[in-house]
Amino acid sequence: MPPPRPRWWLRRRGSAALPRPYLASPISASRSSCRSCSCRTAKPRTGIASSCLLLGPRARGASFPAGPSPLLLPSPRYSATSGSASSGCSGYGGGGLLATAGPGAAARNRLVVKTSLSSPPWPVFKLPDPVEETKYHTEVVQRVNEMIATGQYGRLFAVVHLASKQWKVTSEDLILMENFLPAECGDRIRLEKVLLVGADDFTLIGKPLLGKDLVRVEATVIEKTESWPKINMKFWKRHSYRKKKVVIQPQTVLRINSIEIFPCLS
Amino acid sequence: MTGRGTSSRFLASVLRNGLGRYVCQLQRLSLVFSPASPSSRGARDYVEEKVVDFARSNPGIVVYVNPKDCRGPTVVAEYLNGTVREESIANRTVEDIAQLICKLASQSGLEIIRIRKPFHTNHPSIQGQWHPFTNKPSGLGLQTLHRVNQPGFPPPE
């Protein structure tokens, strides 16, 4: 009888080697092979005693059909040949097994004693009922619409796509673009690509943009200047290699005047 | 020099320009040129052709024209925050001078040095700045409170 392999060894062979019932999924059932003798017959992972259990050179462990022992945590590769109906080719132990028999019984119908490995270490979330979810969504949308209509918000911020960059912007703040706009100084501009608008209590997230009838972001062009002369120089020592280029970019400064939202959510 | 070796400033505007009304920041423009020298030819042509239209279209800028003996023709721009910028227009064409004067008119008087950040805001956070305890359940301090309320606290010394 070879010595039992340590847990890190089992981890190397993939998650299927570890006795964790929450990792068993019906999808992988069709692709499983008999683990005890590693023959290629596709076997479902659950509750069926395999006929090829005890045969083959890789069969280890007891060769007599033992009854299910609730305290056993059989390691599937090496002691899966206990003849209990649910282990064997199923590959998963996870505490004691009281098999609900029957072909096609899903893994989740099995009763599993609670051990440290019988349930996943991450929290299990239950998805809500879709009808309830839609009701909840409509309620939320109504409430936000009401809040917008009655004006129950303070300062708004928006994420705006401008000059190939995204800026988080409120009213009264300044933005510098490294290019010229065709607008003159003092012109009022509307920024149309708005990705997100938020207030203190709610946020409106666009997929990817918000509608033009929902948000209005206005800005004024304040200044059209040039940048400071940036020096682009390359130099390799002892090679007589030097290049110098002075780069002056046009710049535009915008002042965001206002962000307005309108109650037309649906 | 590098950005680190030269002076720098943050993006700003002069007296919150643009919030209420936009005000052109150029206050005074003085064209100084010689009536005879060859380097002032472009300046003389500009004064003949284009300066009147410019002055009419920018009523907020006061334009002075000074034909006098000078070392070289220059244009002096004075801004509302007191900055004075002098640029030479020697041996330049009329279009060049016109472009330069338009550029001067659309600048504010702030220094042209490295700008550290391309944005400026007085309200950086609206929904509250993140700290490690936002979006965490607020039961962390409650455990100590339970302990305090149970009998046998403080433990006898």
Side-chain angles (χ1 to χ4, degrees), chain A residues 153-158 160 162-163 165-181 183-189 196-203 218-233 246 248-259, chain B residues 1-26 57-61 77 79-81 83 85 87 99-129 137:
Chain A
Y153 51 83
R155 181 170 272 273
L156 289 171
F157 73 93
V160 140
L162 184 70
K165 285 177 277 287
Q166 295 183 12
W167 311 79
K168 182 189 106 57
V169 137
T170 32
S171 54
E172 298 165 28
D173 70 351
L174 288 170
I175 273 183
L176 181 76
M177 292 168 40
E178 294 276 340
N179 51 18
F180 269 163
L181 285 177
E184 295 302 321
C185 285
D187 287 352
R188 207 164 164 111
I189 279 177
L196 190 146
V197 167
D200 193 27
D201 297 319
F202 60 86
T203 327
E218 293 204 330
T220 312
V221 180
I222 289 182
E223 197 187 332
K224 289 165 73 165
T225 45
E226 290 178 336
S227 69
W228 70 296
K230 294 188 191 170
I231 299 175
N232 189 4
M233 176 131 187
V246 176
I248 298 184
Q249 302 265 23
Q251 284 177 340
T252 312
V253 180
L254 294 177
R255 163 88 70 187
I256 307 293
N257 289 116
S258 65
I259 301 178
Chain B
M1 275 291 282
T2 54
R4 198 177 173 184
T6 47
S7 44
S8 56
R9 65 175 174 97
F10 287 94
L11 181 64
S13 66
V14 178
L15 286 180
R16 316 266 204 232
N17 198 15
L19 262 189
R21 189 163 62 100
Y22 167 73
V23 175
C24 179
Q25 294 293 312
L26 182 59
S57 56
N58 301 69
I61 305 177
Y79 289 93
L80 288 175
N81 61 351
T83 327
R85 264 190 82 184
E87 303 252 355
Q99 223 180 22
L100 172 72
I101 287 182
C102 281
K103 187 185 81 163
L104 288 173
S106 59
Q107 281 176 349
S108 72
L110 299 164
E111 291 176 81
I112 299 189
I113 48 178
R114 178 176 71 98
I115 295 180
R116 286 181 175 232
K117 295 184 189 200
F119 42 81
H120 171 81
T121 172
N122 288 328
H123 306 268
S125 166
I126 287 173
Q127 295 180 349
Q129 202 176 41

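To find a chain, count down the sequence lines: A is the first, B the second, and so on, and within it residues start at 1.
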Checking heavy atoms, do the side chain of B:Thr2, its backbone, both or neither come under 4.5 Å from chain A?
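B:Thr2 touches chain A through backbone heavy atoms alone.
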Chain A heavy atoms under 4.5 Å from B:Ala12: which part of the residue, side chain, backbone, both or neither?
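For B:Ala12, backbone heavy atoms alone lie under 4.5 Å from chain A.
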Tell me, side chain or backbone of [X] under 4.5 Å from chain B's heavy atoms, or both, or neither?
| X | value |
| --- | --- |
| A:Glu178 | neither |
| A:Ser227 | backbone |
| A:Tyr153 | neither |
| A:Asp200 | both |
| A:Val169 | neither |
| A:Ala199 | backbone |
| A:Leu254 | neither |
| A:Thr220 | side chain |

With no hydrogens and no angle check, is any side-chain donor or acceptor of [X] less than 3.5 Å from a backbone partner on [Y]?
| X | Y | result |
| --- | --- | --- |
| A:Arg155 | B:Ile126 | no |
| B:Thr121 | A:Asp173 | no |
| B:Gln107 | A:Lys224 | no |

Quick one, B:Ser13 and A:Val253 - any side-chain contact, counting heavy atoms below 4.5 Å?
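B:Ser13 does not reach A:Val253 side chain to side chain.
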Nearest-0.5 Å distance that lies between atom [atom1] in [X] and atom [atom2] in [Y]:
| X | Y | atom1 | atom2 | answer |
| --- | --- | --- | --- | --- |
| B:Lys103 | A:Phe180 | NZ | CZ | 8.5 Å |
| A:Arg255 | B:His120 | CZ | NE2 | 7.5 Å |
| B:Cys102 | A:Glu184 | SG | CD | 8.0 Å |
| B:Leu11 | A:Leu174 | CG | CG | 5.0 Å |

Give the table of side-chain donor-acceptor pairs shorter than 3.5 Å for residues 18-25 of chain B, with sequence neighbours excluded, one pair per line with atom names and distance.
| unit_1 | atom_1 | unit_2 | atom_2 | d |
| --- | --- | --- | --- | --- |
| B:Gln25 | NE2 | B:Val23 | O | 3.3 |

Does a sphere of radius 6.0 Å around CD in B:Glu87 hold more than 12 heavy atoms from other residues, nucleotides or ligands, not counting ones at 6.0 Å or beyond?
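Yes, CD of B:Glu87 has more than 12 neighbouring heavy atoms, counting only those of other groups under 6.0 Å.
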Picking from A:Met177, A:Lys165, A:Glu172, A:Lys230, which has the most non-hydrogen pairs under 4.5 angstrom with chain B?
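When all of A:Met177, A:Lys165, A:Glu172, A:Lys230 are compared, A:Glu172 has the most.
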Got a list of side-chain donor-acceptor pairs under 3.5 Å for residues 108-119 of chain B, not counting sequence neighbours?
| unit_1 | atom_1 | unit_2 | atom_2 | d |
| --- | --- | --- | --- | --- |
| B:Ser108 | OG | A:Glu223 | OE1 | 3.2 |
| B:Ser108 | OG | A:Glu223 | OE2 | 3.3 |
| B:Arg114 | NE | B:Gly3 | O | 3.1 |
| B:Arg114 | NH2 | B:Ser8 | OG | 3.4 |
| B:Arg116 | NE | B:Ser8 | OG | 2.9 |
| B:Arg116 | NH2 | B:Ser8 | OG | 3.2 |

Audit row: A:Phe157, B:His123, side chain to side chain contact (heavy atoms under 4.5 Å, CB included) steps and yes/no:
CA-CA 10 Å; A:Phe157 73 93; B:His123 306 268; over 6 Å; no
